[in-house]
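Quick caveat, the model's predicted, so the values are computed rather than measured. Both backbone and side-chain heavy atoms feed into the values below; hydrogens, waters and symmetry mates do not.
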Amino acid sequence: LEWDYLVVALGSTTNFFGMADVEESSLILKSLSDAVNIHNHILDNYESALREGDEQSQRELLTFVVVGGGPTGVELVAAIQDFLRKALVRDYPSLMSQTRVLLVEAQDALLSGLKAKMSELAINRLRSRGIEVLLKTRITKVWSGGIQTADGQTIPTRTVIWVAGVKPVAFVESLPFNKAKGGRIIVNQYLEVP
């Protein structure tokens, strides 16, 4: 094919940072179908918790962990809390006291690309709504019944939603362009390959 301008806009994919267990045991949010899957997963967990007699299993079902404190993670964890506290409270009032919603971020602030004041505001707003915000907390292991952090803490959960980063799609690796850390194509101020 002949062309005057080639636009490379292949998108991105979820970055699991080489952790196969995270990839296998986590939900992701990249599309509308992913959002529907998360919604249905939460509903299924509440239904299962109603029938569950074991307290530990009930706690796992009703603990929702979002990993990644960027804009997607902050918005998602707030939306989950709203869904639980405004919609599901009517159908599952007996389970609300056992519900936990956590946002886990490896860095020492949320919304790292924004000003520090925005991070503080987001943290305060989320915590005031009952969301547990864990900063400087790196996930080292994920399995079907929980997560483990680098400091050895174990959080029982059956819901881990991974929004901790993106990377270029695999095809970008084969392109003959200079790449920055993380495999992104280096471009100039006009988004052109130098």
Side-chain angles (χ1 to χ4, degrees), residues 14-15 22 25-50 52 55-140 142 144-166:
T14 303
N15 191 350
V22 173
S25 301
S26 299
L27 300 168
I28 60 169
L29 180 61
K30 295 289 287 174
S31 67
L32 180 58
S33 63
D34 292 338
V36 170
N37 186 34
I38 291 167
H39 176 271
N40 291 340
H41 176 84
I42 292 170
L43 287 174
D44 289 345
N45 279 17
Y46 269 85
E47 284 296 316
S48 295
L50 274 179
E52 183 59 61
E55 192 174 314
Q56 173 66 24
S57 295
Q58 204 172 42
R59 194 171 18 255
E60 289 174 10
L61 287 162
L62 298 174
T63 300
F64 305 96
V65 178
V66 175
V67 181
T72 302
V74 169
E75 185 174 353
L76 177 59
V77 77
I80 289 171
Q81 184 75 329
D82 283 350
F83 178 51
L84 303 179
R85 301 292 177 192
K86 293 180 180 175
L88 295 188
V89 69
R90 292 186 295 262
D91 297 323
Y92 307 97
S94 64
L95 299 178
M96 286 302 132
S97 64
Q98 299 165 50
T99 300
R100 285 178 77 191
V101 179
L102 297 91
L103 178 60
V104 179
E105 169 56 45
Q107 297 183 44
D108 62 355
L110 299 180
L111 306 169
S112 65
L114 302 177
K115 293 181 180 178
K117 184 140 179 99
M118 290 302 294
S119 176
E120 290 174 33
L121 180 64
I123 292 167
N124 292 335
R125 184 77 49 93
L126 292 173
R127 286 181 173 158
S128 73
R129 295 168 78 177
I131 297 166
E132 298 174 48
V133 179
L134 305 179
L135 301 175
K136 294 192 241 181
T137 305
R138 196 172 52 82
I139 304 299
T140 56
V142 176
S144 61
I147 63 172
Q148 185 170 358
T149 65
D151 63 2
Q153 180 181 4
T154 299
I155 300 171
T157 182
R158 294 195 195 165
T159 306
V160 176
I161 307 166
W162 190 267
V163 291
V166 295

Undergrad: Applying side-chain contact (heavy atoms from CB on, under 4.5 Å), run through N15 and V166 and close with a yes or a no.
TA: CA-CA 5 Å; N15 191 350; V166 295; 5.5 Å; no
Undergrad: Might you confirm whether atom CD of Q56 has over 12 heavy atoms from other residues, nucleotides or ligands at distances under 6.0 Å?
TA: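 More than 12 within 6.0 Å, yes.
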Undergrad: Apply the test side-chain contact (heavy atoms from CB on, under 4.5 Å) to residues L62 and M96: give CA-CA distance (whole Å), side-chain angles for both, the deciding distance (0.1 Å), then the verdict.
TA: CA-CA 9 Å; L62 298 174; M96 286 302 132; over 6 Å; no
Undergrad: Can you see whether T159 engages N45 through a side-chain donor-acceptor pair at a distance of less than 3.5 angstrom?
TA: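 Their side chains do contain a donor-acceptor pair, which is all the 3.5 Å distance test asks for.
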Undergrad: Less than 4.5 Å apart, side chain to side chain, heavy atoms only: is that true for I131 and L102?
TA: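 No, their side chains stay 4.5 Å or more apart.
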Undergrad: For a quick test of reading the model, state the closest non-hydrogen atom pair linking R127 to V133 and the distance between them.
TA: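 Taking every non-hydrogen atom into account, NH2-O, 2.8 Å.
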Undergrad: Are I42 and L84 packed together at the side-chain level, in the sense that at least one heavy-atom pair is separated by less than 4.5 angstrom?
TA: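 With C-beta onward as the side chain, the pair touches.
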Undergrad: Could you name each residue pair satisfying ring-ring contact (aromatic ring centres under 6.0 Å, His included) that touches residues 89-116, not counting sequence neighbours?
TA: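 Every ring-ring contact (aromatic ring centres under 6.0 Å, His included) pair that includes a residue of residues 89-116, provided the two are not neighbours, is Y46-Y92.
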Undergrad: Do other residues, nucleotides or ligands put more than 12 heavy atoms under 6.0 Å from the CD atom of Q153?
TA: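 Buried by this count: over 12 neighbours within 6.0 Å.
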Undergrad: side-chain contact (heavy atoms from CB on, under 4.5 Å) for Q98 and R59? Distances and angles first, verdict last.
TA: CA-CA 7 Å; Q98 299 165 50; R59 194 171 18 255; over 6 Å; no
Undergrad: Roughly how far, to the nearest 0.5 Å, is the CD atom of E47 from the CG atom of L61?
TA: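 One finds 11.5 Å between CG of L61 and CD of E47.
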Undergrad: Find the distance between CD1 (I80) and CD (E75) and round it off to the nearest 0.5 Å.
TA: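 CD of E75 is found 11.0 Å from CD1 of I80.
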Undergrad: What's the shortest heavy-atom distance between S25 and V142, and which atoms?
TA: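 Nearest heavy atoms, S25 then V142: CB-CG1, 3.6 Å.
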Undergrad: Can you tell if the side chain of I123 reaches within under 4.5 Å of the side chain of L135, non-hydrogen atoms only?
TA: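 They are in side-chain contact.
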Undergrad: Just wondering, more than 12 heavy atoms not from K136 lying within 6.0 Å of its NZ?
TA: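 Incorrect, the count does not exceed 12.
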Undergrad: Give a yes or no answer on whether the side chain of S119 reaches the backbone of K115 with a donor-acceptor pair at less than 3.5 Å.
TA: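 Between the backbone of K115 and the side chain of S119 there is no qualifying donor-acceptor contact (under 3.5 Å).
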Undergrad: Counting N and O atoms only, with roles assigned by atom type, does the side chain of E105 sit under 3.5 Å from a partner on the main chain of G69, one being a donor and the other an acceptor?
TA: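 Checked: pair present.
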Undergrad: So, do L43 and F83 sit near enough that their side-chain heavy atoms are less than 4.5 Å apart?
TA: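 Yes, close enough: below the 4.5 Å cut-off.
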Undergrad: Less than 4.5 Å apart, any side-chain heavy atom of L134 and any of I155?
TA: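 L134 reaches I155 side chain to side chain.
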Undergrad: Can you measure from CG (L76) to CD1 (I38) and round to the nearest 0.5 angstrom?
TA: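 L76 atom CG to I38 atom CD1 measures 5.5 Å (nearest 0.5 Å).
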Undergrad: Rounded to the nearest 0.5 Å, what separates atom CD in E132 from atom OG1 in T63?
TA: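 Answer for the CD-OG1 pair, E132 versus T63, is 8.0 Å.
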Undergrad: For the residue pair S144 and R158, what are the closest heavy atoms and their distance?
TA: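 S144 and R158 have their closest heavy atoms at O-CG, 3.5 Å.
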Undergrad: What is the minimum heavy-atom distance between G73 and V163, and which atoms define it?
TA: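 Looking at all heavy atoms of both residues, the closest pair is CA-CG2, 3.6 Å.
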Undergrad: If you compare all heavy atoms of V104 against all heavy atoms of T137, which two are closest, and at what distance to 0.1 Å?
TA: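 Scanning both residues completely, I find the closest heavy atoms to be CG1-O, 3.4 Å.
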Undergrad: Kindly say whether T154 contributes a backbone atom to a donor-acceptor pair with the side chain of Q148 at under 3.5 angstrom?
TA: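 A pair under 3.5 Å: no.
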Undergrad: If I compare all heavy atoms of S94 with all of L50, which pair ends up nearest, and what's the gap?
TA: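 Minimum heavy-atom contact is OG-CD2, 4.3 Å.
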Undergrad: For side-chain contact (heavy atoms from CB on, under 4.5 Å), just list the numbers for I161 and V65, CA-CA rounded to whole Å, side-chain angles, deciding distance to a tenth of an Å, and then say yes or no.
TA: CA-CA 6 Å; I161 307 166; V65 178; over 6 Å; no
Undergrad: Okay, side chain of D34, backbone of K30: is any donor-acceptor separation there less than 3.5 Å?
TA: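 Present.
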Undergrad: Any heavy-atom pair between the side chains of V67 and V160 that's under 4.5 Å?
TA: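 In contact.
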Undergrad: Are L126 and L110 side-chain neighbours, meaning at least one heavy-atom pair lies under 4.5 Å?
TA: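 Result yes, sub-4.5 Å side-chain heavy-atom pair found.
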Undergrad: With no hydrogens and no angle check, is any side-chain donor or acceptor of S26 less than 3.5 Å from a backbone partner on W162?
TA: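 Side chain of S26 to backbone of W162, a donor-acceptor pair under 3.5 Å: no, none is there.
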Undergrad: Would you call E60 and T157 a side-chain contact if the rule is heavy atoms closer than 4.5 Å?
TA: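 No - every pair of side-chain heavy atoms lies 4.5 Å or more apart.
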Undergrad: Hey, is CZ on R125 packed in by over 12 heavy atoms from elsewhere, all under 6.0 Å?
TA: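 For R125, atom CZ is not crowded (no more than 12 foreign heavy atoms under 6.0 Å).
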